[in-house]
Amino acid sequence: MLDIQLIRRDPDAVRAALGRRGPTAAAGVDRLLELDQRWREIRTALEELQAEQNRASKGRKGPPTPEEREQLAALAARGRELSDEETAVRAQRDAELAALPNLPADDAPTEDTVLREVGNSGATGRDHLELAGPRIDMERGARLSGSRFAYLRGDLVFLEFALVGFALQKLRGEGFEPVVPPVLVRERALYGTGFLPDTEQQIYRLPDDDLYLVGTSEVALASLHEDEILAQADLPLRYAGFSTCFRREAGAAGKDTRGIFRVHQFDKVEMFCFVEPGQGPAEHERLLAIEESILTDLEIPYRVVAIAVDDLGASAAKKYDCEAWLPGQGRYRELTSTSNTTDYQARRLGIRYRPAEGRPEHVHTLNGTAVAVGRTIIALLENGQQDDGSVRLPAPLVACGAPEVLPALS
RNA sequence: GGAGAGGUGCCGGAGCGGUUGAACGGGCGCGACUGGAAAUCGCGUAACGGGGGUUGACCUCGUUCGGGGGUUCGAAUCCCCCCCUCUCCGCCA
């Protein structure tokens, strides 16, 4: 959510910034300002009336006389009218405000921009399904749950847990507290992180219980400090969340249908940080550096892409993707992603800190993928494959319990 | 799932429907006392919103006692719904 005071003070700057995302984003600003103007007028009238009521009842000991009672009743009736109107207009205004996406950072590029390529890309070879064989069981997954579901079997299960353990240990060394959060959440958490109303069609919902399945633990990690005022000394707060993620992939029909690249359910270790406003950009670079370091440890060739403004989600001001080279597809594909969401989520979730001077301020939040397990397994299989179809796994994973070599299919 | 108790400020904890933003205690901050400290005493200690303004160090008004409705001239106090916590019974990975 944007700061409405900022929009009032400098609507042109907000319109211009949102305009970089596309023509529709800026249009809401005018509707918002008009509703806000109406709201403030009603609000002023309501408060004047309340002040009058307070003056009349202040110091009162006993019941009023019949004449007084009549006057007071008239005031109260008028107050109810104004109050109802105020509530209605405020709801409309707040809906417009909530629909506005975050202001993009000045240095978020207009076009996707490749910043660098690291590692030996360009190899081609068998894809992950060929290499995994029955260790990725798509047919039975589909029989059980439908398309885009899979059983992970045998050694790949140890590979998954090695990846998770590796990531969590590495992040603990970087000052992140490990967290296993709930994956079923209330609407507020999705609204607060900007996934609602933005990406409603991607989210699984359990209507009988009014709960949603999270598409990323970012939702639960951001909400960890919902409605709290944090101590300045506690910042930055860094969390490494492990959770299963659920995505409907509506609108992706026919896209990435082979294998486990795009599935409805996968596991992920996610980084999430709460920082003082001035620290956001530096923290964002730090998250990107950790993502790159993990890819390097895992010997996965990758490139870093600064994402175009019109491709940012509602909450991100700036975003980097790390794309891994996948020999099975002969191209780079998104593996991890890190966003600086500035104060957008913090404002929606009511997360503030108390600075040394002055009133509480909203913190800035950032998120980044440490390991998206399914896609990382794809990258490891395809990049680690040997001529005979076996797969050599990197040492850091072996140290965490992965087999040195996944044998070829016989 | 059944039965009961309860949710008040940073914490504990009062609160006959009418000067209750909220007693009292603790914590914290500032000051006094002290060679220094403890103890003691004094003062202070919220968030959000509207308006004004030397535009965020000020003034003013309003709101807030889990959340939302309702009754009333007036609600922390009465009624309804929801959320959460605790206890007992049942069930259960």
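Protein chains get the first letters and strands the later ones, always in sequence-line order, with residue 1 at the start of each. Any value given below was found using the heavy atoms of this structure, including those in side chains, with hydrogens, waters and symmetry copies removed. Source: prediction; values computed, not measured.
Residue-to-nucleotide contacts include no donor-acceptor pair under 3.5 Å from the side chain of A/E47 to the base of B/rG51.
Across the P atoms, B/rG15 and B/rC89 are found 31 Å apart, a figure rounded to whole Å. The gap from the C1' atom of B/rG68 to that of B/rA32 amounts to 50 Å, rounded to the nearest Å. For the P atoms, the distance from B/rA14 to B/rG6 is 12 Å, rounded to whole Å. For the C1' atoms, the distance from B/rG27 to B/rG9 is 13 Å, rounded to whole Å. Separation of the P atoms belonging to B/rU40 and B/rG26 is 8 Å when rounded to the nearest angstrom.
Between A/E86 atom CD and B/rG62 atom C1' there is a gap of 11 Å when expressed in whole angstrom units. Per the geometry, CD belonging to A/E226 stands 12 Å off C1' belonging to B/rG67, to the nearest Å. The separation between A/I4 atom CD1 and B/rG49 atom C1' is 11 Å, rounded to whole Å. Taking atom CG of residue A/D209 and atom P of nucleotide B/rG1, one finds them 10 Å apart after rounding to whole Å. We find that CD of A/E48 is positioned 10 Å from C1' of B/rG50, with the value rounded to whole Å. For the pair A/R90 CZ and B/rC48 P, the computed distance is 16 Å after rounding to whole Å. To the nearest angstrom, P of B/rC82 lies 12 Å from CG of A/D210. Taking atom CD of residue A/Q53 and atom P of nucleotide B/rA75, one finds them 9 Å apart after rounding to whole Å.
The residue from A/D127, A/D256, A/D321 that alone fulfils the salt bridge (charged side-chain N to carboxylate O under 4.0 Å, His left out) condition with A/R333 is A/D256. The only option from A/R8, A/R9, A/R15 that meets the salt bridge (charged side-chain N to carboxylate O under 4.0 Å, His left out) definition with A/D12 turns out to be A/R15.
Ring geometry for A/F246 versus A/Y204: interplanar angle over 60°, hence perpendicular rather than tilted (30 to 60°).
When only modelled atom types and interatomic distance are considered, A/N102 and A/T342 share a side-chain donor-acceptor pair under 3.5 Å. A side-chain donor from one of A/S293 and A/K170 sits under 3.5 Å from a side-chain acceptor of the other.
Contacts of A/R9 with the nucleic acid, taken as non-hydrogen atoms under 4.0 Å apart, are absent. Among the protein residues, A/R352 comes within range of the sugar-phosphate backbone only, with heavy atoms under 4.0 Å from sugar or phosphate atoms but none that close to a base.
Applying the 4.0 Å criterion to OP1 and OP2 of B/rG51, one finds that A/R40 has a side-chain N or O inside that range. Contact between the side-chain N/O atoms of A/R8 and the OP1/OP2 oxygens of B/rG49 is not found at any separation under 4.0 Å. Between A/R354 and B/rA47 there is a side-chain N or O to OP1 or OP2 distance below 4.0 Å.
For the pair A/R80 and A/T87, nearest-nucleotide mapping onto RNA chain B gives the more 5' position to A/T87.
Of all nucleotides listed (B/rC61, B/rG50, B/rA47), B/rC61 comes nearest to the side chain of A/A51.
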